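For reference, the structure is listed below as structure tokens.
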Amino acid sequence: MSAVTTTVAVAAPEVSTEVRRRRRLSPGRRLPAARLVGPVLLLALWAAASAAGRLDPAAIPAPWTVVKTGVHLWTAGTLPTDILTSLGRAASGFAIGLGAGVLLALAAGLSRTGEALIDGTVNLNRAIPTLGLIPLFILWLGIGESFKVAIIAIVVYIPIYLNTHAALAGIDHRYVELAEVQGLSRFAFVRQIVIPGALPGFFVGLRLGVTGSWLGLVVLEQINATSGLGYLMFQAQNYGQSDVILVGLVVYGVFGLVSDSAVRLVERRVLSWRRTLSS
């Protein structure tokens, strides 16, 4: 009995040491609001440099000047209208790109014929600079809203397709063999094997697509637009209003950060069954 007790007593510190070693190798606990630390630090440095007179106010206005300008644009009704216009364009293009990316990835990932027809075409499209397609799309769709939505959709669907298709291609073939042995139907196979296996890659592509929609929007709204944040910034450039330009950039940055955080939150909830470094 004493020998057993001694063995357990010796093994316990070894196990405890091993657990502590594993814990040291992991990133540690997730800090609350950790992703805000970087932006807040950048804002603090900006404010300190402006207060110390290290920045040219004509080129880079102080944060309080930008806030004052933003409040003025909001109360005047200019900023809310431009924000709603930009959100509408981004949402329309994103919805189309999301649907196209997922459907094409499923068609290419679940069928060799689909892969032969789709994968090479999408990779060719990826190799062509999307913003370089603007003149051609203007000739096809005109100078109105249609070509802007179409370009945003292209910017969105490419990363969603690539990452979802890569996740589908990376599903272990043993799961496919197990599904065949179990006699799963095609629908059950997609629901129980394909979708869970593709979700991690899909969410990576979704985050890239959300960011890409905002990056494309800021360029597209400077082409024959009469409203939107990009148009507001373009007009401010013509009149040398750097504070208005910074207001637009801050709004774009906030939208990008909020949308990316929302996707991360949904991803964490949907993929809560995974044990990863980030969790």
Side-chain angles (χ1 to χ4, degrees), residues 22 25-27 29-30 35 87-88 90-128 130 149-214 216 256-279:
R22 287 203 302 268
L25 294 176
S26 68
R29 289 186 175 183
R30 184 184 300 276
R35 292 187 179 89
L87 285 175
S92 299
F94 179 79
I96 296 173
L98 173 62
V102 171
L103 291 177
L104 291 174
L106 289 175
L110 299 178
S111 168
R112 295 300 183 188
T113 302
E115 184 178 28
L117 295 174
I118 295 171
D119 192 59
T121 305
V122 174
N123 279 280
L124 177 63
N125 190 358
R126 182 185 63 162
I128 300 174
T130 304
V149 173
I151 292 294
I152 293 173
I154 292 175
V155 172
V156 170
Y157 100 89
I158 290 178
I160 291 178
Y161 168 85
L162 291 175
N163 287 277
T164 306
H165 181 261
L168 287 171
I171 294 177
D172 196 324
H173 195 269
R174 287 174 295 182
Y175 292 119
V176 182
E177 295 174 349
L178 179 61
E180 292 173 348
V181 170
Q182 294 293 326
L184 294 182
S185 64
R186 188 71 170 179
F187 176 76
F189 170 69
V190 171
R191 183 172 59 87
Q192 299 179 24
I193 305 296
V194 172
I195 292 179
L199 279 177
F202 164 75
F203 277 111
V204 173
L206 188 63
R207 290 179 56 200
L208 294 174
V210 168
T211 304
S213 65
W214 295 115
L257 182 62
V258 170
S259 56
D260 183 73
S261 299
V263 173
R264 283 176 177 266
L265 179 61
V266 173
E267 178 185 13
R268 198 152 49 240
R269 295 290 178 84
V270 173
L271 301 180
S272 59
W273 49 270
R274 292 199 309 168
R275 300 295 296 172
T276 63
L277 284 177
S278 63
S279 61

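These numbers were taken from a predicted model, which means no experiment stands behind them. Below, each value reflects all heavy atoms present in this structure, side chains not excepted, and no hydrogens, waters or symmetry copies.
With rounding to the nearest 0.5 angstrom, the CD atom of E267 is 9.0 Å from the CG atom of L199. Taking CD1 from I152 and OG1 from T130, the interatomic distance works out to 11.5 Å, rounded to the nearest 0.5 Å. Separating the OG atom in S185 from the CD atom in Q192 is a distance of 8.0 Å, to the nearest 0.5 Å. How far CZ of F189 is from CG of L184: 8.5 Å, rounded to the nearest 0.5 Å. Distance check: L124 CG to I128 CD1 gives 4.5 Å after rounding to the nearest 0.5 Å.
Between R126 and L162, the shortest heavy-atom contact is CD-CD1, 3.2 Å. Between P196 and V190, the closest heavy-atom pair is CD-O, 4.4 Å. Taking each heavy atom of I160 and G205 in turn, the nearest pair found is CG1-O, 3.5 Å. What you find for Y157 and A100 is that their closest heavy atoms are CB-CB, 4.3 Å. When all heavy atoms of G256 and W214 are compared, the closest pair comes out as CA-CD1, 4.0 Å. The minimum heavy-atom distance between A153 and I96, with the atom names listed, is CB-CG2, 3.9 Å.
No donor-acceptor distance shorter than 3.5 angstrom exists from the side chain of T211 to the backbone of L208, with no hydrogens or angles considered. No donor-acceptor pair closer than 3.5 Å links the side chain of N125 to the backbone N or O of T121. Listed for the S111 side chain is no donor-acceptor partner under 3.5 Å among the backbone atoms of A108.
Taking D260 as the reference, R207, R264 meet the salt bridge (charged side-chain N to carboxylate O under 4.0 Å, His left out) condition, with sequence neighbours excluded.
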Exercise. Would F94 and L206 count as a side chain to side chain contact (heavy atoms under 4.5 Å, CB included) if you check the C-alpha gap in whole Å, the side-chain angles of each, and the deciding distance to 0.1 Å?
Worked result: CA-CA 10 Å; F94 179 79; L206 188 63; 3.4 Å; yes
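Between H165 and L104 there is no side-chain heavy-atom pair separated by less than 4.5 Å. With contacts defined as side-chain heavy-atom distances shorter than 4.5 Å, the pair D119/Y161 qualifies. Between V266 and R269, the closest side-chain pair of non-hydrogen atoms is not below 4.5 Å. No side-chain heavy atom of V155 sits less than 4.5 Å from a side-chain heavy atom of S213. In this structure, F202 and I195 have side chains that are not in contact, with every pair of non-hydrogen atoms separated by 4.5 Å or more.
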Side-chain donor-acceptor distances from residues 167-183 under 3.5 Å, at least two apart:
residue : atom : partner : partner atom : Å
D172    : OD1  : R174    : N            : 2.9
D172    : OD1  : R174    : NE           : 3.2
D172    : OD2  : R174    : NE           : 3.1
D172    : OD2  : R174    : NH2          : 2.6
H173    : ND1  : E177    : OE2          : 3.3

